[in-house]
Asker: 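Below is a structure I'd like to ask you about.
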Amino acid sequence: MRVQRRVHGHRARGVRGARRRVPLRPQRESPARADGQGPHGRQQLPDGGDHARRGRVAPVAGGAGATGGATPVAAAVAAAVGGTRVRFAPSPTGFLHVGSARAALYNWLYARHTGGIFVLRIEDTDTERNREEWVDGIISSLSWLGMEPDEGPFRQSARTDAYHRAIDTLWEAGALYACGCSRDEIDARTKSNATPGYDGFCRDRGLEREGRALRFKVPEDGTTVVHDLIRGDVVFTHEAIEDFVVVKSSGAPLFVLANVVDDIDMHITHVIRGEDLLPSTPKGLLIWSALEGDDATLPAFAHLPLLVNERRQKLSKRRDDVAVESYQERGYLAAAMRNYLTLLGWSDPQGREILTVEEMVAGFELSEVNHAPAFFDLKKLEWMNKEYLRAMSVDAFIEAARPWLAPDRAPWPPERFDEGVFRTMAPLVQERVGVLGEVPDMVDFLFLERPLVDEGSWEALSKDDSAPAVLDRALAIYRESEWSAETLHSATQALADDLGRKLNKVQAPIRVAVTGRRVGPPLFQSLEVLGREAVLERLGAARERLGGDRG
RNA sequence: GGCCCCAUCGUCUAGUGGCCGAGGACACCACCCUCUCAAGGUGGCGACACGGGUUCGAAUCCCGUUGGGGCUGCCA
């Protein structure tokens, strides 16, 4: 017998039936506000309680579902009226990963595009691996990128009652069975099997559930189809799905279960997540059906292509640089990061690369998301960051750069920093740096007692035969010259002419002597800002060092 | 191994059967501009993985091959 269980996600339009069945009481205001809380309020979902009050959809007839409180048709109704509800559900086992950030972003964009709700849910069912500080880190990284949850963060750790109710329901319905096998026992038995995975050993043993892991009885025949907004129908034959564990022997729920229960209770209409979760989706679907008995409440799915490294492997916490926080730390702008991430898998219908948030929101479509994995290309991110940096007003740039000028990060003694001096140089610096972390390198010579000594630069200087003469002449001329960039420029040009050399040749030793580097902001402005006294002193010191080097 | 996903320049992509002798962006190279660097300008290199079909016509549809990836845990 071949049963085709047709499980499909819905487009908003595809659930009209539900709409007809259910008396609607549309609410204008956002659910959070209806609760008397701000849109960004951090509320706790009362576990397993009646959540309809939170929903965009008013309590409906046929209310309490099997899981205790979920309104089975609410999600479908919400979808039908455009009340999209999406969620980002990270597990707090580390910093926010750029891949997760993109998934969050696509959820957020879709929510904004459809005027829906963006829910944040912390999937912390694995107490062994979760750490509280990661939760804060994830929330602040999301916030940095401009994504504030409309609801949440909800924590799975606070919803155990809801899971236990769901587990009881499934158990009583005969969808589960207790399993006493250890991993080793299973491995030993299935090693020689053609189809690996659990062999169903305990399926008919009728074991007591107390103290045992609970497995889901996957139908032996038939298929489960995931209708994916990005990939189309993906068919999984039940034969290939083992009886998976849904509850640990400790009684704690596992990801597939908690995830589904939450999506039901939170009335999620669209599940947008990484493609790595696609293989576990039919399991969730099976649980969903067992719990709800009606596919009408099923959310639509959209499995995003993964972000990969140069070896085209999934970005990993261990070998790749994936923490959003670390990009922030290096001085990437949130807007640039967001823009770049958005373009990794989606492109603007008008072909624009630099987009405002409004433009992204307006043009974003799940159905237009690419199917193939995308390489996280630092080069392009940097280009984009530079574009954003250069597009800022000088004041905004100064504010953005401030953290990198602070005592804990800047290499100079705090008391030597001069806001006015930095302001003067800021426009010149702004158009040269790729990330804010490079700002100190551009201006450190202004605030350091002595310019730092860059080995390569000094080597070049000492190899330049004309350097001593250039320095000597510069010393003489700068002592007399009127002190402005313009006059210093022409005086130095005259010096070059005198020596029969190009200006770009003579400016080099002067730059190294004064700033310690071969590259930096325009030289003559730098000299003007630094001041005659310091310039002459540094020129002299360099000349001395050069002489000494030569014996 | 099994199941699943994917396949256009080095990279991100446009392309939804004729407008494609494949367009843009990043990167790279050359030249110009230039006090270094950056920016800017001009030009260049550079791809439909392969093989079969379907069709008057295929990058676009179908099948297969190859290649890559993901999943395969009492993690999520």
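Each chain gets a letter, A, B and so on, in the order the sequences are listed, and its residues count up from 1. Every value quoted in this text rests on a predicted model; they were computed, and no experiment measured them. Worth knowing before you read on, the calculation uses all heavy atoms, side chains too, and leaves out hydrogens, waters and symmetry mates.
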Asker: Is a side-chain N or O of A:Arg215 found less than 3.5 angstrom from the main chain of A:Asp243, in a donor-acceptor match?
Answerer: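 Yes, because the side chain of A:Arg215 sits within donor-acceptor range (under 3.5 Å) of the backbone of A:Asp243.
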
Asker: Between A:Ala240 and A:Ala372, which residue's closest nucleotide on RNA chain B lies nearer the 5′ terminus?
Answerer: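 First, find each residue's nearest nucleotide; the 5'-ward one identifies A:Ala240.
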
Asker: Pick the P atom in B:G51 and in B:C56, then give their distance to the nearest Å.
Answerer: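 The answer is 22 Å between these two P atoms.
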
Asker: Side chain of A:Arg215 only, heavy atoms from C-beta on: which candidate in B:C74, B:C35, B:C71 is closest?
Answerer: B:C74

Asker: Taking atom C1' of B:C4 as reference, at what distance in whole Å does atom CD of A:Glu242 sit?
Answerer: 15 Å

Asker: Of all the choices, B:U11, B:A27, B:U13, which nucleotide is nearest to the side chain of A:Lys379 once you look at every atom?
Answerer: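 In terms of side-chain proximity for A:Lys379, the closest of B:U11, B:A27, B:U13 is B:A27.
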
Asker: Rounded to whole angstrom, note down the P distance from B:G23 over to B:A59.
Answerer: 14 Å

Asker: More than 12 heavy atoms of other residues, nucleotides or ligands under 6.0 Å from CZ of A:Arg319: yes or no?
Answerer: yes

Asker: I'd like the C1' distance from B:C19 over to B:C12, given in whole Å.
Answerer: 25 Å

Asker: Identify which nucleotide among B:C4, B:G70, B:U36 has an atom closest to any side-chain atom of A:Pro522, counting heavy atoms from C-beta outward.
Answerer: B:U36

Asker: Heavy atoms from C-beta onward define the side chain here; which of B:G70, B:U36, B:C35 lies closest to that of A:Phe524?
Answerer: B:C35

Asker: Quick one: A:Asp497 CG to B:C35 P, roughly how many Å, whole number?
Answerer: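 It is 12 Å, rounded to the nearest whole Å.
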
Asker: For the P atoms, the ones on B:U34 and on B:A27, what distance do you get once it is rounded to whole angstrom?
Answerer: 23 Å

Asker: Using a cut-off of 4.0 Å on non-hydrogen atoms, how would the nucleic acid contact of A:Leu277 be classed: base, sugar-phosphate, or nothing?
Answerer: base

Asker: Contact class for A:Gly351 (heavy atom, under 4.0 Å): base, sugar-phosphate, or nothing?
Answerer: nothing

Asker: Taking atom P in both B:C29 and B:C45, compute the distance separating them and give it to the nearest angstrom.
Answerer: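 My reading of the P atoms in B:C29 and B:C45 gives 16 Å.
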
Asker: Quick one: is A:Lys314 getting a side-chain N or O under 4.0 Å of the B:G68 phosphate, OP1 or OP2?
Answerer: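 So the side chain of A:Lys314 is outside the cut-off, no N or O lying under 4.0 Å from OP1 or OP2 of B:G68.
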
Asker: Describe the nucleic acid contact of A:Thr492 in one word from base, sugar-phosphate, nothing, applying a heavy-atom distance below 4.0 Å.
Answerer: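 The residue A:Thr492 makes no contact with any strand.
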
Asker: Calculate the interatomic distance between A:Arg432 atom CZ and B:G40 atom P; express it in whole Å.
Answerer: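 In whole Å, B:G40 P and A:Arg432 CZ are 13 Å from each other.
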
Asker: Using the C1' atom as the point on both nucleotides, what is the distance between B:C48 and B:G21, in whole Å?
Answerer: 13 Å

Asker: Give a yes/no answer on whether the side chain of A:Arg518 brings an N or O atom under 4.0 Å of OP1 or OP2 in B:A38.
Answerer: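 Answer is no, no contact under 4.0 Å.
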
Asker: So, OP1 or OP2 of B:A76: does either fall under 4.0 Å of a side-chain N or O from A:Thr93?
Answerer: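 Indeed not, no polar side-chain atom of A:Thr93 lies that close.
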
Asker: Mind calculating the distance between NE2 (A:His371) and C1' (B:G69) to the nearest angstrom?
Answerer: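 To the nearest whole Å, that distance equals 16 Å.
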
Asker: Expressed as a whole number of Å, how far does the P atom of B:G46 sit from that of B:G53?
Answerer: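 30 Å, rounded to whole Å.
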
Asker: Strictly by Watson-Crick or wobble contacts shorter than 3.5 Å, is anything paired with B:A76, and which nucleotide is it?
Answerer: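 With both distances under 3.5 Å required, B:A76 matches none.
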
Asker: Check for a donor-acceptor pair, side chain of A:Asp454 on one end and backbone N or O of A:Gly516 on the other, with a separation under 3.5 Å.
Answerer: no

Asker: Just compare B:U11, B:G70, B:A38 and give me whichever is closest to any side-chain atom of A:Gln313.
Answerer: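 Selected nucleotide (nearest to the side chain): B:G70.
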
Asker: Expressed as a whole number of Å, how far does the C1' atom of B:A39 sit from that of B:U65?
Answerer: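 Straight-line distance between the two C1' atoms is 49 Å.
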
Asker: Applying the Watson-Crick and G-U wobble criteria at under 3.5 Å, what pairs with B:C71? Answer none if nothing qualifies.
Answerer: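 In the structure as shown, B:C71 has B:G2 as its Watson-Crick or wobble partner.
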
Asker: Tell me whether the OP1 or OP2 atom of B:A14 has a side-chain N or O from A:Asn370 closer than 4.0 Å.
Answerer: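 True: A:Asn370 side-chain N/O within range (under 4.0 Å) of B:A14 OP1/OP2.
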
Asker: Is A:Pro305 touching bases, backbone alone, or none of the nucleic acid, heavy atoms closer than 4.0 Å?
Answerer: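 Since no nucleic acid heavy atom lies under 4.0 Å of A:Pro305, the category is nothing.
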
Asker: Do the charged groups of A:Asp262 and A:Arg87 touch, with an N to O distance under 4.0 Å?
Answerer: no

Asker: Mind checking A:Gln525 for me? I need base, sugar-phosphate or nothing, with any heavy atom below 4.0 Å counting as a touch.
Answerer: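 Result for A:Gln525 = base.
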
Asker: Partner of B:U65 by Watson-Crick or G-U wobble geometry, both contacts under 3.5 Å, or none?
Answerer: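 Paired with B:A49.
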
Asker: NA contact type, A:Leu254, heavy-atom cut-off 4.0 Å: base, sugar-phosphate, or nothing?
Answerer: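 Sugar-phosphate contact only - A:Leu254 comes under 4.0 Å of backbone atoms but never of a base.
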
Asker: Could you tell me whether the phosphate oxygens of B:A76, OP1 or OP2, come under 4.0 Å of any side-chain nitrogen or oxygen in A:Thr125?
Answerer: yes

Asker: Looking at every strand, decide which applies to A:Phe236 at a 4.0 Å heavy-atom threshold: base, sugar-phosphate, or nothing.
Answerer: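 Contact class for A:Phe236: sugar-phosphate only.
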
Asker: Rounded to the nearest Å, what distance is computed from the CD1 atom of residue A:Ile354 to the P atom of nucleotide B:A25?
Answerer: 12 Å

Asker: Is it true that A:Asp199 and A:Thr190 share a donor-acceptor pair across their side chains at a distance under 3.5 Å?
Answerer: no

Asker: Compare the minimum distances between each of B:U13, B:C12, B:A76 and the side chain of A:Ser280, then state the nucleotide with the smallest one.
Answerer: B:A76

Asker: For A:Glu368 and A:Arg183, take the nucleotide of RNA chain B holding the closest heavy atom to each; which residue's nucleotide lies nearer the 5' end?
Answerer: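 Closest to the 5' end, via its nearest nucleotide, is A:Glu368.
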
Asker: With a non-hydrogen cut-off below 4.0 angstrom, is A:Arg312 in contact with a base, only sugar-phosphate, or nothing?
Answerer: sugar-phosphate

Asker: Applying the Watson-Crick and G-U wobble criteria at under 3.5 Å, what pairs with B:U42? Answer none if nothing qualifies.
Answerer: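 Partner of B:U42: B:A30.
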
Asker: Please tell me whether A:Thr487 and A:Ser484 have a donor and an acceptor in their side chains that are separated by less than 3.5 angstrom.
Answerer: yes

Asker: Whole Å only: how far is the CE atom of A:Met337 from the P atom of B:C26?
Answerer: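 My rounded result for the distance is 19 Å.
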
Asker: Under a plain distance cut-off of 3.5 Å, with no hydrogens placed, do A:Tyr163 and A:Thr125 share a side-chain donor-acceptor pair?
Answerer: no

Asker: May I ask you to say what A:Arg517 touches in the nucleic acid, namely base, sugar-phosphate or nothing, with a heavy-atom cut-off under 4.0 Å?
Answerer: nothing

Asker: Using purine N1 to pyrimidine N3 plus N6-O4 or O6-N4 for Watson-Crick, or N1-O2 and O6-N3 for G-U wobble, both under 3.5 Å, which nucleotide pairs with B:G57?
Answerer: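 Across all strands, not a single nucleotide pairs with B:G57.
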
Asker: Could you tell me whether A:Gly434 contacts a base, only the sugar-phosphate backbone, or nothing, with contacts defined as non-hydrogen atoms closer than 4.0 Å?
Answerer: nothing

Asker: Between the base of B:G24 and the side chain of A:Glu353, is there a donor and acceptor pair under 3.5 angstrom?
Answerer: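 Looking at the base of B:G24, it does pair with a donor or acceptor on the side chain of A:Glu353 (distance under 3.5 Å).
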
Asker: For A:Asp444 and A:Pro411, which heavy atoms make the closest approach, and how far apart are they?
Answerer: CB-CG, 4.1 Å

Asker: Can you tell which of B:C4, B:G40, B:A76 lies closest to the side chain of A:Glu387?
Answerer: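 Side chain of A:Glu387 sits closest to B:G40.
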
Asker: Go through the steps for A:Glu275 and A:Arg231 under the test salt bridge (Lys or Arg N to Asp or Glu O under 4.0 Å), then give the verdict.
Answerer: CA-CA 10 Å; A:Glu275 188 190 15; A:Arg231 289 156 212 288; 3.4 Å; yes

Asker: So does A:Ser249 reach the base of B:C74 with its side chain, donor to acceptor, closer than 3.5 Å?
Answerer: yes

Asker: Once you apply a heavy-atom cut-off of 4.0 Å, does A:Lys386 come out as touching a base, just sugar-phosphate, or nothing?
Answerer: sugar-phosphate

Asker: Compare the minimum distances between each of B:U11, B:A25, B:C5 and the side chain of A:Arg231, then state the nucleotide with the smallest one.
Answerer: B:C5

Asker: Which whole-number value in Å describes the distance from A:Leu344 CG to B:C26 C1'?
Answerer: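 Roughly 12 Å, once rounded to whole Å.
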
Asker: Do A:His238 and A:Thr224 get their side chains close enough for a donor-acceptor pair, meaning under 3.5 Å?
Answerer: yes

Asker: Please report the distance, rounded to the nearest Å, between CG in A:Leu257 and P in B:A76.
Answerer: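 In whole Å, B:A76 P lies 11 Å from A:Leu257 CG.
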
